[in-house]
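For reference, the structure discussed in these notes is given below.
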Amino acid sequence: MRLSGRWCVVAACLALAWAAAARAKAPADWRLGPDSFGPFKVGMPFAQAQTLAPGLNATPASLRASSGCDQLPLPGHPGVALMFVDGGLARIDLFRPGPRTTRGVGPGSRVAQAMRAYPGMRVEPRAYEENERFFTQRSGANAIRFETAKGHIENVYAGRWAQVQYIEGCL
């Protein structure tokens with residue numbers, strides 16, 4: 001009887017480990033496009049995003065850098081932030097290696113890879129970094145933007161055209 005009890009415990013531990021691994025793996029499959037990151041869609045209300053990401057909590061209005069705009073880390077997804085403007089998802093940011101765009105580009109990728117994946121991007125000087133660049137590709141009312149640093153992509157922003165242009169988050 002002790003043996004079967006131990007096997008039940010082992011089986012339960014394995015089942016929990018497999019379930020945790022499946023949950024941890026799912027975000028790696030999420031890709032950033034001009035209008036979404038996994039189940040997060042540009043324009044979705046904050047309350048809907050909260051149901052997808054328990055622990056996503058708005059910054060109190062008195063502590064926000066800008067009224068009507070809130071930029072929050074996505075719980076459980078290091079290197080991803082969500083920007084909400086007037087209660088709707090307006091922009092998704094990638095700022096650490098790991099998450100990637102639908103075309104395989106992310107922080108840490110070489111600039112040449114981004115240029116091949118997104119031909120015809122608009123190129124502009126990067127604010128505050130005279131030797132670096134912004135590469136932006138518009139897609140209707142949305143866009144995807146890359147910031148460079150020393151030959152690599154440092155940050156990626158996607159979402160509404162106006163918010164993708166913000167260079168200091170919600171400021």
Side-chain angles (χ1 to χ4, degrees), residues 15-109 113-114 117-118 121-122 124 126-127 134-149 152-171:
L16 288 172
W18 286 330
R23 278 194 307 275
K25 187 176 181 197
D29 295 339
W30 293 359
R31 298 288 185 222
L32 179 67
D35 61 353
S36 65
F37 177 69
F40 296 89
K41 309 294 183 211
V42 171
M44 76 180 349
F46 181 79
Q48 187 179 357
Q50 276 187 307
T51 64
L52 295 172
L56 182 68
N57 296 309
T59 305
S62 63
L63 298 177
R64 288 186 190 166
S66 175
S67 98
C69 187
D70 201 5
Q71 195 164 20
L72 305 164
L74 180 57
H77 305 273
V80 180
L82 305 177
M83 179 187 287
F84 294 89
V85 175
D86 297 328
L89 181 59
R91 184 172 111 174
I92 302 120
D93 296 3
L94 306 181
F95 55 90
R96 280 191 191 162
R100 302 221 172 263
T101 69
T102 56
R103 298 183 190 179
V105 180
S109 295
Q113 179 187 358
Y118 295 88
M121 287 189 287
R122 185 176 84 184
E124 304 169 84
R126 181 173 165 183
F134 288 123
F135 294 95
T136 310
Q137 188 171 73
R138 195 163 186 168
S139 176
N142 296 327
I144 192 159
R145 179 177 243 191
F146 302 90
E147 285 185 358
T148 70
H152 290 85
I153 300 303
E154 185 172 43
N155 301 299
V156 183
Y157 311 124
R160 292 185 186 147
W161 175 252
Q163 282 72 39
V164 166
Q165 307 302 303
Y166 291 1
I167 58 172
E168 294 181 357
C170 283
L171 292 180

Query raised in the report: When rounded to the nearest 0.5 angstrom, what distance separates CD in Q165 from CD in E124?
Result: 6.5 Å
**Report entry** From I144 atom CD1 to L32 atom CG, the distance as rounded to the nearest 0.5 Å
**Finding:** 4.5 Å
Query raised in the report: Between E147 and Y157, is any side-chain donor less than 3.5 angstrom from a side-chain acceptor?
Result: yes
**Report entry** Interatomic distance, E154 atom CD to L94 atom CG [nearest 0.5 angstrom]
**Finding:** 12.5 Å
Query raised in the report: Is the side chain of Q113 donor-acceptor paired with the backbone N or O of G104 at a distance under 3.5 Å, no angle test?
Result: yes
**Report entry** Separation between OH of Y166 and CZ of R160, rounded to the nearest 0.5 Å
**Finding:** 9.5 Å
Query - Interatomic spacing from CG in L74 to CG in L52 - rounded to 0.5 Å - result: 9.5 Å
Show me, pair by pair, the donor-acceptor contacts under 3.5 angstrom made by side chains of residues 60-67, not counting sequence neighbours?
{"residue": "R64", "atom": "NE", "partner": "T59", "partner atom": "O", "Å": "3.1"}
{"residue": "R64", "atom": "NH2", "partner": "T59", "partner atom": "O", "Å": "3.4"}
{"residue": "S66", "atom": "OG", "partner": "C170", "partner atom": "O", "Å": "3.3"}

Requested in this report: Look at the side chain of Q137 and the backbone N and O of M121, then say whether any donor-acceptor pair between them is shorter than 3.5 Å.
Outcome: no
Query raised in the report: Is the shortest heavy-atom distance from the side chain of Q50 to the side chain of N57 under 4.5 Å?
Result: yes
Query raised in the report: Going by the angle between their ring planes, with limits at 30° and 60°, are W30 and F40 parallel, tilted or perpendicular?
Result: perpendicular
Query raised in the report: Quick one: does T51's side chain get under 4.5 Å of M44's, heavy atoms only?
Result: no
Report task. Start with the C-alpha distance between C69 and Q163, add both sets of side-chain angles, then the distance that settles side chain to side chain contact (heavy atoms under 4.5 Å, CB included), and finish with yes or no. Result -> CA-CA 10 Å; C69 187; Q163 282 72 39; over 6 Å; no
Requested in this report: Supply the atom-to-atom distance I153 CD1 to F135 CZ, rounded to the nearest 0.5 angstrom.
Outcome: 6.5 Å
